[in-house]
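Proteins come first, then strands; the chains are lettered A, B, ... in the order of their sequence lines, and each starts at number 1. Side chains are part of it too, since the values below use all heavy atoms of this structure and drop only hydrogens, waters and symmetry mates.
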2 protein chains.
Amino acid sequence: MKLTSKGRYAVMALVDLARFDNINPVSLRDISLRQGISLDYLEQIFSKLKKNEIVKSIRGTQGGYVLNKNPNEIKLTNIFHAVDEKVKTVQCKKESKKGCNGKATKCITHNLWDELEIHINTFFENKSLKDLLNNNKETRV
Amino acid sequence: MKLTSKGRYAVMALVDLARFDNINPVSLRDISLRQGISLDYLEQIFSKLKKNEIVKSIRGTQGGYVLNKNPNEIKLTNIFHAVDEKVKTVQCKKESKKGCNGKATKCITHNLWDELEIHINTFFENKSLKDLLNNNKETRV
DNA sequence: AATAAACTTGACCATTTTAGTCGGGTATGT
DNA sequence: ACATACCCGACTAAAATGGTCAAGTTTATT
C-alpha cells in the first residue's frame, strides 16, 4: 500500500495556497518555488482541483488560484478524491455481486478490506485543510 | 493510495492455511486451487512468509506449509511487513534529519503522513488471523 | 532405489502506474 | 502589445506490479 506523490503534492499545494491567498490569488509558479514541485505537474493537479470546485482560477497577469471554500470545509477526502488518490483494494469489490477472483462468492478477506477502507476514510473525513494549517503554526524542525 | 495484490494474497493464503493445517501441512497447490492464486506467485509470497517466521515448511511428498504461531499471534502488521506491503509516504520521511524535498525543513504535511501511518498501523496491529477466521464463519454471500 | 510430490531459488517479462515533460494554446492586467 | 498566468492534450522514462519459467533439492511412498 502506498500513497502517491500526486495526493501529497495536492495537499502541500493547498496548504500553501491557504496560507497566502488572503490578499491576492496565488500563482502556481510561487507554489512551485516554495514547495519544490514541478510547475507542469502542478498544473495537472490544479486542473483537477478546479474541476472539483476546490479552487477557483483567475487568468491573466496577477492571476492565480484561490480557495473556493473555507479551509475547514475542505476535507482530505475531497482533495484525494479530486486528484484520484483513493484507497483501492485492487480487483476486489469491483463487481458488486459476482464476488472476487471470478468465483461466485466473496473472497475470504473481502470484509477486511471493507473495514480497512472505512477506517482510512474516517481519518480523511475528519481532517480538514484548517486542521493542517493550525497544526503547522507549530513547525518543529 | 492502493493496496497491492501481494498483501491481499498473503492474507487470503494464510486464512486458508489456518483453516486446513490442523491435521496435515497444506500444499501451495491446494491453496492455489482453492483461492485462485497462481502457484508460482504463491511460492514467492511464502518464501517471504517463511523468512519472517510466520510459517514453517515441510519438504517432500505430503509436505507443505503450516503456521509457525497461533492465529491470534499473527497480526496483519506481521503479514504485511513480511511481504513488503506497507504504508509508504514516498520520498517523505526517508532521511530522518534532512527534511523532505531536499530542503532543510520538514514539508508542511509531514506530520499528517505520520498521523495517517499510525492510524492505519493501529488497525493492522489490532487484527489477527484469528479475527479473520472468526469473522468468516459467518460467510455471507 | 525409483518416483513423484512438494518446497527453493533466481532470472525474466509484459503491463500498468507514476511522475513527470513538452508544446502548444488562451485570457487579461498593465 | 506584451508579459504573466492559466489551460489542455500528447508524450515518455522509470518504477512497480503481478506474474511466468526453468532448474534445482528434499523426502514420503512404493
Enquirer: Is there a donor-acceptor pair under 3.5 Å between the side chain of B:T77 and the backbone N or O of B:F124?
Expert: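 Confirmed, B:T77 side chain pairs with B:F124 backbone.
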Enquirer: With heavy atoms under 4.0 Å as the rule, sort A:S27 into base, sugar-phosphate or nothing.
Expert: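 Sugar-phosphate contact only - A:S27 comes under 4.0 Å of backbone atoms but never of a base.
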Enquirer: With a non-hydrogen cut-off below 4.0 angstrom, is B:S57 in contact with a base, only sugar-phosphate, or nothing?
Expert: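 Counting heavy atoms under 4.0 Å across all strands, the contact made by B:S57 is with sugar-phosphate only.
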Enquirer: Tabulate protein N/O versus nucleotide N/O from nucleotides 10-12 of chain D, keeping only pairs under 3.5 Å, one per line.
Expert:
none

Enquirer: Using only side-chain N and O atoms of B:S38, determine if any of them is under 4.0 Å from OP1 or OP2 of D:dT20.
Expert: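 Answer is yes, contact under 4.0 Å.
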Enquirer: Report yes or no: does A:N78 contribute a side-chain atom to a donor-acceptor pair with the main-chain N or O of A:I74 at less than 3.5 Å?
Expert: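 Not a single qualifying donor-acceptor pair exists.
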Enquirer: The side chain of A:Y41 lies closest to which of these nucleotides: D:dC7, D:dG18, C:dA19?
Expert: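 Out of D:dC7, D:dG18, C:dA19, the nucleotide with an atom closest to A:Y41's side chain is C:dA19.
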Enquirer: Quick one: A:L39 CG to C:dT21 P, roughly how many Å, whole number?
Expert: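 Interatomic distance, CG of A:L39 to P of C:dT21: 9 Å.
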Enquirer: A:E43 side chain to A:D40 main-chain N or O, any donor-acceptor pair under 3.5 Å?
Expert: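 Checked: no pair found.
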Enquirer: Which part of the nucleic acid, if any, lies within reach of B:V55 when heavy atoms closer than 4.0 Å are counted: base, sugar-phosphate only, or nothing?
Expert: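 Result for B:V55 = nothing.
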Enquirer: Keeping the roles fixed (side chain from A:S27, backbone from A:D30), state whether a donor-acceptor pair exists under 3.5 Å.
Expert: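 Between the backbone of A:D30 and the side chain of A:S27 there is a qualifying donor-acceptor contact (under 3.5 Å).
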Enquirer: Verify, without hydrogens or angle tests, whether A:N68 (side chain) and A:E53 (backbone) share a donor-acceptor contact under 3.5 angstrom.
Expert: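 Yes: the side chain of A:N68 pairs with the backbone of A:E53.
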Enquirer: Between the two end axes of the helix from C:dA1-D:dT30 to C:dT30-D:dA1, each built from 5 base pairs, what angle do you get to the nearest 10°?
Expert: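 Between the axes fitted at each end of the helix from C:dA1-D:dT30 to C:dT30-D:dA1 lies an angle of 0°.
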Enquirer: How many whole angstroms separate atom CZ of B:R8 from atom C1' of D:dT17?
Expert: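 Roughly 13 Å, once rounded to whole Å.
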Enquirer: Does a salt bridge link A:K48 with A:D84, judged by any charged N lying under 4.0 Å from a carboxylate O?
Expert: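 Salt bridge: yes.
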Enquirer: How would you label the contact of A:F46 with the nucleic acid (heavy atoms, under 4.0 Å): base, sugar-phosphate, or nothing?
Expert: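 No contact.
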Enquirer: Going 5' to 3' along nucleotides 22-30 of chain D, which nucleotides have protein heavy atoms under 4.0 Å from the base (write B), which only from the sugar-phosphate (write S), and which from neither (write -)?
Expert: --BBBBB--
Enquirer: Please determine if a side-chain N or O atom of B:K50 lies less than 4.0 Å away from the OP1 or OP2 oxygen of C:dT8.
Expert: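 Checking C:dT8 against B:K50, a side-chain N or O does come within under 4.0 Å of OP1 or OP2.
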Enquirer: Is there a donor-acceptor pair closer than 3.5 Å between any side-chain N or O of B:S32 and the backbone N or O of B:I37?
Expert: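 Yes, the answer is positive, given that a donor and an acceptor are paired below the 3.5 Å cut-off.
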Enquirer: For B:H119 and A:H119, take the angle between the two ring planes, folded into 0 to 90°, and tell me which bin it lands in: parallel under 30, tilted 30 to 60, perpendicular over 60.
Expert: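 Geometry flag for A:H119 against B:H119: parallel rings.
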